[in-house]
**Q** 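Sharing a structure below in structure tokens format, with a few things to ask.
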Amino acid sequence: MSRILGVATCSQLKLAERFGPLFETLAPELDLRAPDDIERPEDVRFMLTFIPDAEAFHRYPNLEAVFSVGAGQDAIDRCPSLPQGLPVYRLEDPDQALQMAGFCAFHVLWHHREMAQVRTNQVSEVWARKLTGLSPTARRIGVMGFGLMGRAVAKGLVALGYSVAGYSRRMPEAEPGVAHYTDGEMDAFLAQSDILINVLPLTPQTRGLIDAAFLAKLPRGAALIHVGRGGQLIEPDLITALDSGQLSGASVDVFETEPLPAGHPFWAHERVFVTPHVACIPTPEAVVRNVRQRMLAEFQEKKSA
């Protein structure tokens, strides 16, 4: 069988350098090259990318699939040269889900146990012990988005003893220990979320979702852990909610503009924990195995047809 040709292209990352050698060893049926190494663009069958250039797809008329190297694909979907109907696959990686679960558990504990104040007390050499509200039963956690990531986050927090509820558009398969809310029940879900974790994908329905009206539906003094997509959060509205006391704190890992610009109010805000889009990072091996599995399955399907 001749090798299936693919191109690795991204406006910010040198994907061919990072993934090419792994394709040689883990997916020998696939031939992944940088754009400059492609002699016949019409032979390219798949693309590996994350943030493609605006004209990235015009050169390859016979693409059959596009693969994101991460869990998100919104930058690919927004690319003006993306052909209509071309399948786009995002990475579904159990290891990333475990990373996300650990990240969110850390930030739940950070807000629940008021660790920002503990750090401030340390700097000031203040010995101040909090003696109440330490039990996980003292905080209700809402997980907004219940796919692979959201389910892993919820399971981890249930294991720590928290009361956990999930929200998704449709009722998912039941998860032990997790209550669930669906379409039409968002207000009730928010009202019971002392700490809200957003892991929703970016869609037309979720863009700008987390605004002032949305945040006002959380219990006063709630905390937000935002690990979905930057375009979902109206950043000035979060600052207003924090300054008014509607929210007690926020952990923000994804932003409308990345890297977060110098001088942005999040950098210096005492109630915002900024992390540089690192809630979960895929292993290169997982990316290669994901592409190989899908491309070989499509090849066999076409061969059988």
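Reckoned from all heavy atoms, side chains included, excluding hydrogens, waters and symmetry mates. Throughout, residue positions are numbered sequentially from 1 according to the sequence presented.
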**Q** Mark yes or no for whether N62, through its side chain, and E42, through its backbone, hold a donor-acceptor pair below 3.5 Å.
**A** yes
**Q** For Y181 and Y167, run ring-ring contact (aromatic ring centres under 6.0 Å, His included): C-alpha distance rounded to whole Å, both residues' side-chain angles, the deciding distance at 0.1 Å, then the answer.
**A** CA-CA 5 Å; Y181 295 78; Y167 175 87; 7.8 Å; no
**Q** Got a sec, which residues hit side chain to side chain donor-acceptor pair (under 3.5 Å) with T120, two or more places apart in sequence or on another chain?
**A** none
**Q** If you take the centroid of each ring, where Trp contributes its six-membered ring, are H180 and F146 closer together than 6.0 Å?
**A** yes
**Q** Can you confirm whether the side chains of R119 and Q122 place a donor and an acceptor under 3.5 Å from each other?
**A** yes
**Q** Please answer whether the main-chain N or O of P52 pairs with a side-chain N or O of S11 as donor and acceptor at a distance below 3.5 Å.
**A** no
**Q** Does a donor on one side chain sit under 3.5 Å from an acceptor on the other, for H111 and D194?
**A** no
**Q** Between H226 and S251, do the side chains contain a donor N or O and an acceptor N or O under 3.5 Å apart?
**A** no
**Q** Sub-3.5 Å donor-acceptor pair from the side chain of Q232 to the main-chain atoms of R229, do we have one?
**A** yes
**Q** side-chain contact (heavy atoms from CB on, under 4.5 Å), that's the test. Do I141 and V153 meet it? Break it down for me.
**A** CA-CA 10 Å; I141 314 299; V153 169; over 6 Å; no
**Q** Got more than 12 heavy atoms from elsewhere within 6.0 Å of CZ, R220?
**A** yes
**Q** Do side-chain atoms of S124 reach the backbone of N121 as a donor and acceptor pair under 3.5 angstrom?
**A** no
**Q** May I ask whether L247 and W110 are part of the same hydrophobic cluster, defined by side-chain heavy atoms of I, L, V, M, F, W, Y residues being less than 4.5 angstrom apart, directly or through others?
**A** no
**Q** Salt bridge or not for E29 and R3, using N-O below 4.0 Å?
**A** no
**Q** Can you classify the ring geometry of H112 versus Y162 as parallel (below 30°), tilted (30 to 60°) or perpendicular (above 60°)?
**A** perpendicular
**Q** Checking the side chain of Q96 only, and the main-chain atoms of D93 only, is there a donor and an acceptor separated by less than 3.5 Å?
**A** no
**Q** With side-chain contact (heavy atoms from CB on, under 4.5 Å) as the criterion, how do V252 and F266 come out once you've worked through the C-alpha distance, each side chain's angles and the decisive distance to 0.1 Å?
**A** CA-CA 9 Å; V252 185; F266 284 172; 4.3 Å; yes
**Q** Mark yes or no for whether D31, through its side chain, and I4, through its backbone, hold a donor-acceptor pair below 3.5 Å.
**A** no
**Q** Evaluate the side-chain proximity of R59 to V44: yes if any heavy-atom separation is below 4.5 Å, no if none is.
**A** no
**Q** Side-chain contact, heavy-atom cut-off 4.5 Å: L86 with F57?
**A** yes
**Q** Taking A286's backbone N and O only, do any of them form a donor-acceptor pair with T283's side chain (distance below 3.5 Å, no angle check)?
**A** yes
**Q** Keeping E235 on the side-chain end and E256 on the backbone end, is there a donor-acceptor pair under 3.5 Å?
**A** yes
**Q** Are the side chains of S193 and R140 in contact, using a 4.5 Å heavy-atom criterion?
**A** no
**Q** Quick one: does F67's side chain get under 4.5 Å of V88's, heavy atoms only?
**A** no
**Q** Tell me if a side-chain donor or acceptor on S248 pairs with a main-chain N or O of G221 at a distance below 3.5 Å.
**A** yes
**Q** Is any side-chain heavy atom of R33 closer than 4.5 Å to one of V7?
**A** no
**Q** Does CD belonging to Q205 count more than 12 external heavy atoms closer than 6.0 Å?
**A** yes
**Q** Quick one: does Q99's side chain have a donor or acceptor within less than 3.5 Å of a partner on I281's backbone?
**A** yes
